[in-house]
Amino acid sequence: MIIDVHTHICPPDVCQDRACYLLPSENAFCAIYRDSKARLATAEDLIAAMDQGGVDMAVAFGFPLSNEDLARRHNDYVLEAQTNH
């Protein structure tokens with residue numbers, strides 16, 4: 001069994017328009033995702049990559065955002081993905 005123990009997933013709107021989330025208060029997110037080549041993944045993207053790579057299970061996290069509302073949205077998305085998959 002192959003388990004990926006550290007993955008990050010983001011809600012689709014974050015993946016589609018990351019510029020809206022590159023906020024001065026989100027230093028860590030900006031440091032990684034300011035570069036348009038840095039890939040963001042939805043839950044569906046993660047599942048597809050797992051299938052392609054033969055990964056059986058993954059531990060998924062949202063991103064550790066400092067804005068409480070954004071962090072809650074990410075966490076809710078991760079919980080929804082866990083329920084659906």
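In this text the structure is predicted, and so the values were computed from the model without any measurement. Position 1 is the first residue of the sequence; numbering continues from there.
- Look at R73 and D76 and you find no salt bridge, because none of the NZ, NE, NH1 or NH2 atoms lies under 4.0 Å from a carboxylate O.
- Closest non-hydrogen pair, R18 versus Y33, comes out as NH1-O, 3.0 Å.
- Taking the side chain as every heavy atom from C-beta outward, F29 and L40 approach each other to under 4.5 Å.
- Annotation: side chain of I32 is in contact with side chain of F63 (closest heavy-atom distance under 4.5 Å).
- Side-chain N or O atoms of D56 include one that pairs as donor or acceptor with a backbone N or O of I2 at under 3.5 Å.
- Under the 4.5 Å side-chain criterion, counting only non-hydrogen atoms from C-beta, H74 is in contact with V14.
- The backbone N or O of V59 lies less than 3.5 Å from a partner atom in the side chain of T7, making a donor-acceptor pair.
- The heavy-atom pair separating P64 from H8 by the smallest distance is CD-CE1, 4.3 Å.
- Atom SG of C10 and atom OH of Y21 lie 9.5 Å apart (nearest 0.5 Å).
- Minimum heavy-atom separation, M57 to V55: O-CG1, 3.2 Å.
- The distance from atom CD of Q82 to atom CG of L79, rounded to the nearest 0.5 Å, is 7.0 Å.
- Y77 and P11 make their closest contact through CD2-N, 3.6 Å (heavy atoms, listed as atom of the first residue, atom of the second, distance).
- A pairwise comparison of heavy atoms in S25 and S66 identifies O-OG, 2.9 Å as the closest pair.
- Contact detail for N27 and P24: the closest heavy-atom pair is OD1-O, 3.0 Å.
- Looking only at side-chain heavy atoms (C-beta outward), I9 and V78 come within less than 4.5 Å of each other.
- Residues L23 and L70 have side chains in contact (heavy-atom distance under 4.5 Å, counting atoms from C-beta outward).
- At a threshold of 4.5 Å between non-hydrogen side-chain atoms, the residues N67 and E26 count as touching.
- The CG atom of D13 lies 11.5 Å from the OG1 atom of T42; values are rounded to the nearest 0.5 Å.
- Taken together through direct or relayed side-chain contacts under 4.5 Å among Ile, Leu, Val, Met, Phe, Trp and Tyr, V5 and M1 form part of one hydrophobic cluster.
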